[in-house]
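So the structure is just underneath, and the comments pick up after that.
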Amino acid sequence: MSDAFENVKRLIAEIAAATPQSKDELEQFRIQYLGSKNVIKPLFGEIRNVPNEQKKEYGQLVNEAKESAERKFAELQETLEAASSDAGADLLDLTRPGEPLELGSRHPIATTLNRIVSIFQRMGFTVAEGPDIEDDWHNFTAMNTPEDHPARDMQDTFYLSGSTQLLLRTHTSPVQARVMTSQQPPIRIIAPGRVYRNETISARSHAQFHQVEGLYVDEGVSFADMKQTLMYFAQEMFGTPKIRLRPSYFPFTEPSAEMDVWIGMDNEKNYRLSKGTGWLEILGCGMVDPSVLTMCGIDPEKYSGFAFGMGIERQALRLYDIPDIRLFFENDVRFLKQFRSVI
Ligand code: PHE
C-alpha cells in the first residue's frame, strides 16, 4: 500500500521540479498533469486498493498533487507571459498605430499667384520668367526709364555691392524686355516672380514682394483689348467686372493707367481695404511705349501692345484676410498651417 503513496509523492516531486521553458513545453505540462487524460486521474482510481483507514489520507494526497499541478501551471504561465512581453519590448510592434505624417500646405502667396496665372493661361497667355538679379539695361533702360528717373535712385534699388550694372529687379517688367528681344510678335506672356525694393518694412510694405507681369504684343492691339482682358481678369479673380481705369504714369507705357476693382463697402473689411471708397487698387497698365518696342527690336509701325503689372501680396492679404504682410515671409508654421485646406 505504501506503493500507492509513493507514486503520488513521486508525482508531486516531479511536478515541483518541472521547468517548462517555452509555451510549447508549458502546453506539454498542461496535457500531462491537467489534460483530459492526465496522469493524476488514474491515481484517484487507486483509492480502491488503499486500506480503509488510509483512504482519507490518500485522497488528500492525490488532491494535493492535482492542486500543486494547477498552481504550478498558473505560476509558469504568468512568468512565461511576462518574459515574452519583456522580450518583445525592444522589437518592432507592427500593430502599433503609426506616427501621423504632417501634411504641408501651399503658401498663400503661391496659391494667389497660381490663381492669377491660371486666369491668364485660360486666355492663351503663357508663363515667361526672368532672373531676380537683373542688369540695369533690362530693368531700367529698356523700360524707357531715363537716367535721372527717381526709380533709379539708390534709395529704391538694391544694387549688388560694387556694381552699378547688376541689381535686384525692382519689378517684373524687365521680363517684357527679355521676351521681346528674343521673339517677334505675336507675344502673349504672363511673368510671375519676386521683386525687391529698398523700402522700410512695415505691415503694408516689404523689401521683397511678388508681382505678375503681363504683355500682349501683336498687330492692331488696342486699349480696348487691354480693358477687356483686365475686365475678364477682375471677373474671374474678384467676381466682378466692375473696374475703373485712372490715368497714371509709367515710363514704359503710354497712355498709362491704374486699375481699381469695385469691392464695395458693405462690410467692415472691404470698407477698410478700400479706405472708404469701395475701390481697391490692383494694378498698373498701359499701351507699350513705342520707344520700348524699338529698343527691344520690334517695329512700332507694325505692332502695338499692352502691358500690366500687379502686386500679389496685397491681393493675398485681401483674399485671406491677413493683417500683416510680414507674416508671408516669416515661415511660421502656425501661420502657414492655417492655409492647409486651400489648394
Ligand atoms: N512695373 C510697374 C510697377 O512695378 C507696373 C506696370 C507694369 C505698369 C506694366 C504698367 C505696365 O509698378
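As the structure is a computational prediction, the values presented were derived from the model and not from experiment. One-based numbering, in listed order, for ligands and for the atoms of each.
- Close approach of ligand 1 to Arg197 (heavy-atom distance below 4.0 Å) involves ligand atoms 3 (C), 4 (O).
- Within the 4.0 Å heavy-atom cutoff, Gln176 counts among the residues contacting ligand 1.
- Those atoms of ligand 1 with a heavy atom of Phe308 less than 4.0 angstrom away are 7 (C), 9 (C), 11 (C).
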- prompt: Given Phe306 and Phe223, is the ring-ring contact (aromatic ring centres under 6.0 Å, His included) satisfied, shown in steps?
  reply: CA-CA 7 Å; Phe306 64 80; Phe223 197 90; 9.0 Å; no
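- Note: Phe329 and His206 meet the aromatic proximity criterion, with ring centroids under 6.0 Å apart.
- Hydrophobic clustering of Ile, Leu, Val, Met, Phe, Trp and Tyr side chains at less than 4.5 Å, counting indirect connections, unites Phe125 with Ile312.
- Here Glu75 does not pair with Arg71 in a salt bridge; the nearest charged N to carboxylate O distance is not below 4.0 Å.
- Neither the backbone nor the side chain of Ser256 has a heavy atom within less than 4.0 Å of ligand 1.
- For atom 12 (O) of ligand 1, the nearest non-hydrogen atom of the protein is Phe250 CE2, 3.9 Å.
- In this structure, the ring of Phe252 has its center less than 6.0 angstrom from the ring center of His171.
- Around the CD atom of Glu53, the shell of radius 6.0 Å holds more than 12 heavy atoms that belong to other residues, nucleotides or ligands.
- For ligand 1, the atoms lying closer than 4.0 Å to a non-hydrogen atom of Ser173 are 1 (N), 7 (C).
- Salt bridge annotation for Lys72-Glu14: absent, with no cationic side-chain nitrogen under 4.0 angstrom from a carboxylate oxygen.
- At a 4.0 Å cut-off, not a single heavy atom of Glu258 sits close enough to ligand 1 to count as contact.
- Each of the atoms 1 (N), 2 (C), 6 (C), 7 (C), 8 (C), 9 (C), 10 (C), 11 (C) of ligand 1 lies under 4.0 Å from some heavy atom of Phe252.
- Inclusion of Glu213 in the set of residues having an N or O under 3.5 Å from an N or O of ligand 1 is not warranted.
- Using a 4.0 angstrom heavy-atom cutoff, Gln211 counts as in contact with ligand 1.
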